[in-house]
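Just so it is clear: chains get the letters A, B, ... in the order the sequence lines come, proteins before strands, and each one is counted from 1.
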Amino acid sequence: MKIPLHETFNFKAAITDYGWWMLSPNDWHDEECLFYRPIRLSRDRNLLLCISKHSNHLMINTETEMSLDHNDMKEIKDQVSWMFRLQDSFEPFYALCHDHEELLHIPANRKGRLLRSPSLFEDVVKVILTTNTRWKQTMNMVSNLVNGLGESVKANHQNEFKTFPTPERVLEAGESYLKEHVRVGYRSAYIIDAATKALDPVFDLESYKVLDSDITKLKEIKGVGPYAFNTLAMILGKYDLLPVDSEYKAHVIKKYFNGKKPTKQKLESVYDKWGSYKFLAYWYDIYS
DNA sequence: TTCCAGGTCCCTA
DNA sequence: TAGGGACATGGA
């Protein structure tokens with residue numbers, strides 16, 4: 001099936017400009033420019049997608065033998081559209097880039113559309129698993145989570161794929177499982193809290209994916225502090241906040257303050273001129 | 001062995 | 001409102 005594109009974009013950059021492509025159950029094949037991703041449909045069905053980009057559309061091939069009706073296809077398209085931010089226009093950001101020579105390469109290469117996960121629950125868990133640890137350990141924890149609690153997906157593919165676990169499955173396994181087998185340490189309580197809030201009809205975690213919803217309640221999730229919240233804001237399409245962590249501080253102090261530590265206020269105002277797009281300006285400043 | 005990583009929580013003052 | 005210790009894990 002095809003998804004027509006309102007705006008063309010750099011498919012490879014959309015996937016590899018943010019680290020999520022390295023986390024299970026995402027599987028990026030760089031040479032062929034193919035993105036494999038197992039997803040979950042309603043009525044407890046799982047399938048493997050293979051996504052590629054053509055001139056004016058995304059092509060989605062299903063690698064799982066399953067009859068799909070109209071609603072199934074809509075669910076698939078909705079999840080893929082969310083992952084690649086297809087409903088969002090990046091033209092306002094590109095217009096801003098044109099006033100700044102150092103960022104001209106972003107519109108020139110149609111970058112900025114950073115990959116996100118099908119569910120907000122998955123992204124909350126993944127962001128929590130990036131805190132106070134090294135990237136390699138983040139990859140291990142996510143891999144343990146998917147291998148331990150994800151469901152196997154039947155597919156015409158040499159690799160075995162598992163889905164990202166549902167909040168139900170995480171709660172069923174419990175906190176002790178997360179500690180002993182996923183090796184997330186003290187983060188276990190945070191993940192349990194995220195799963196609980198994902199299933200709480202009042203909190204309704206996934207509802208914050210709606211554009212322009214008030215996302216401040218995400219701060220109530222245990223383990224979501226300033227860095228995690230600002231990262232989640234970016235994931236939800238609000239780019240005006242900065243993920244001030246050790247990487248941010250090291251980069252900014254080295255590049256803009258001659259290696260000398262400035263005040264907190266000055267440290268965090270480096271990208272102010274970018275207004276609504278501070279996160280993306282920072283991101284392409286540090287990683288390009 | 002000790003330190004600390006793409007932080008956050010919680011308790012003091 | 002700000003400061004600082006504790007927190008699990010695993011690699012250097």
Side-chain angles (χ1 to χ4, degrees), chain A residues 15-24 26 112 114-117 120-149 170 173-198 203 205 215-236 238-257 259 261-271 278-288:
Chain A
I15 291 167
T16 59
D17 281 353
Y18 199 62
W20 265 200
W21 67 275
M22 289 181 262
L23 299 180
S24 185
N26 293 325
L114 307 177
L115 182 72
R116 56 191 174 188
S117 303
L120 183 53
F121 172 65
E122 178 175 336
D123 276 335
V124 169
V125 170
K126 284 179 170 174
V127 170
I128 287 172
L129 293 181
T130 65
T131 59
N132 197 26
T133 188
R134 290 188 169 83
W135 180 247
K136 191 180 176 193
Q137 205 170 337
T138 298
M139 290 197 290
N140 285 338
M141 290 186 281
V142 173
S143 174
N144 293 340
L145 185 62
V146 171
N147 287 329
L149 299 179
V170 169
E175 195 175 341
S176 58
Y177 181 91
L178 296 176
K179 283 183 181 169
E180 289 165 28
H181 299 282
V182 187
R183 311 300 293 165
V184 298
Y186 67 90
R187 300 175 193 82
S188 58
Y190 301 166
I191 294 170
I192 292 293
D193 190 54
T196 304
K197 286 184 165 65
F203 192 91
L205 179 62
I215 64 172
T216 54
K217 277 179 81 74
L218 295 177
K219 293 177 180 174
E220 292 176 13
I221 301 170
K222 290 197 183 79
V224 175
Y227 154 80
F229 177 78
N230 292 1
T231 301
L232 288 168
M234 175 283 287
I235 282 168
L236 291 169
K238 299 169 201 286
Y239 307 104
D240 58 330
L241 301 171
L242 292 163
V244 181
D245 56 13
S246 55
E247 294 239 325
Y248 175 92
K249 289 173 189 167
H251 167 70
V252 165
I253 289 172
K254 184 180 175 192
K255 183 163 179 178
Y256 298 102
F257 296 99
K261 192 180 173 189
T263 63
K264 188 170 183 287
Q265 199 271 328
K266 282 185 178 174
L267 187 85
E268 295 179 8
S269 61
V270 169
Y271 297 94
K278 287 199 268 289
F279 190 111
L280 292 175
Y282 156 65
W283 197 254
Y284 285 99
D285 188 35
I286 186 171
Y287 295 116
S288 63

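- Separating the CZ atom of A:Arg134 from the P atom of C:dG10 is a distance of 13 Å, rounded to the nearest angstrom.
- Among the protein residues, A:Lys136 comes within range of no part of the nucleic acid, since none of its heavy atoms lies under 4.0 Å from any strand.
- Residue A:Ser246 places at least one side-chain N or O under 4.0 Å from the OP1 or OP2 atom of B:dG7.
- Atoms OH (A:Tyr248) and C1' (B:dG6) sit 14 Å apart, rounded to a whole Å.
- Side-chain proximity of A:Trp283 to B:dG6, B:dA5, B:dT8: nearest is B:dG6.
- Cation-pi geometry between A:Lys278 and A:Tyr271 is not satisfied (NZ or CZ under 6.0 Å from the ring centre, within 45° of the ring normal).
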Side-chain donor-acceptor distances from residues 223-236 of chain A under 3.5 Å, at least two apart:
{"residue": "A:Tyr227", "atom": "OH", "partner": "A:Thr130", "partner atom": "OG1", "Å": "2.9"}
{"residue": "A:Asn230", "atom": "ND2", "partner": "A:Leu242", "partner atom": "O", "Å": "2.8"}
{"residue": "A:Thr231", "atom": "OG1", "partner": "A:Tyr227", "partner atom": "O", "Å": "2.9"}

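- Checked for salt-bridge contact, A:Lys249 and A:Asp245 miss the test: no charged N lies under 4.0 Å from a carboxylate O.
- Residues A:Tyr239 and A:Trp283 keep their aromatic ring centres 6.0 Å or farther apart.
- The only member of A:Leu145, A:Val146, A:Thr138 that meets side-chain contact (heavy atoms from CB on, under 4.5 Å) when paired with A:Leu23 is A:Thr138.
- The nearest whole Å value for the distance from the CH2 atom in A:Trp135 to the C1' atom in C:dG10 is 17 Å.
- Atom name P, nucleotides B:dC3 and C:dA6: the rounded distance is 13 Å, in whole Å.
- Nucleotides B:dT1 and C:dG11 have their C1' atoms positioned 14 Å apart, rounded to a whole Å.
- Near DNA chain C, defined here as any heavy-atom distance below 4.0 Å, the residues from residues 176-184 of chain A are A:Lys179, A:Arg183, listed numerically.
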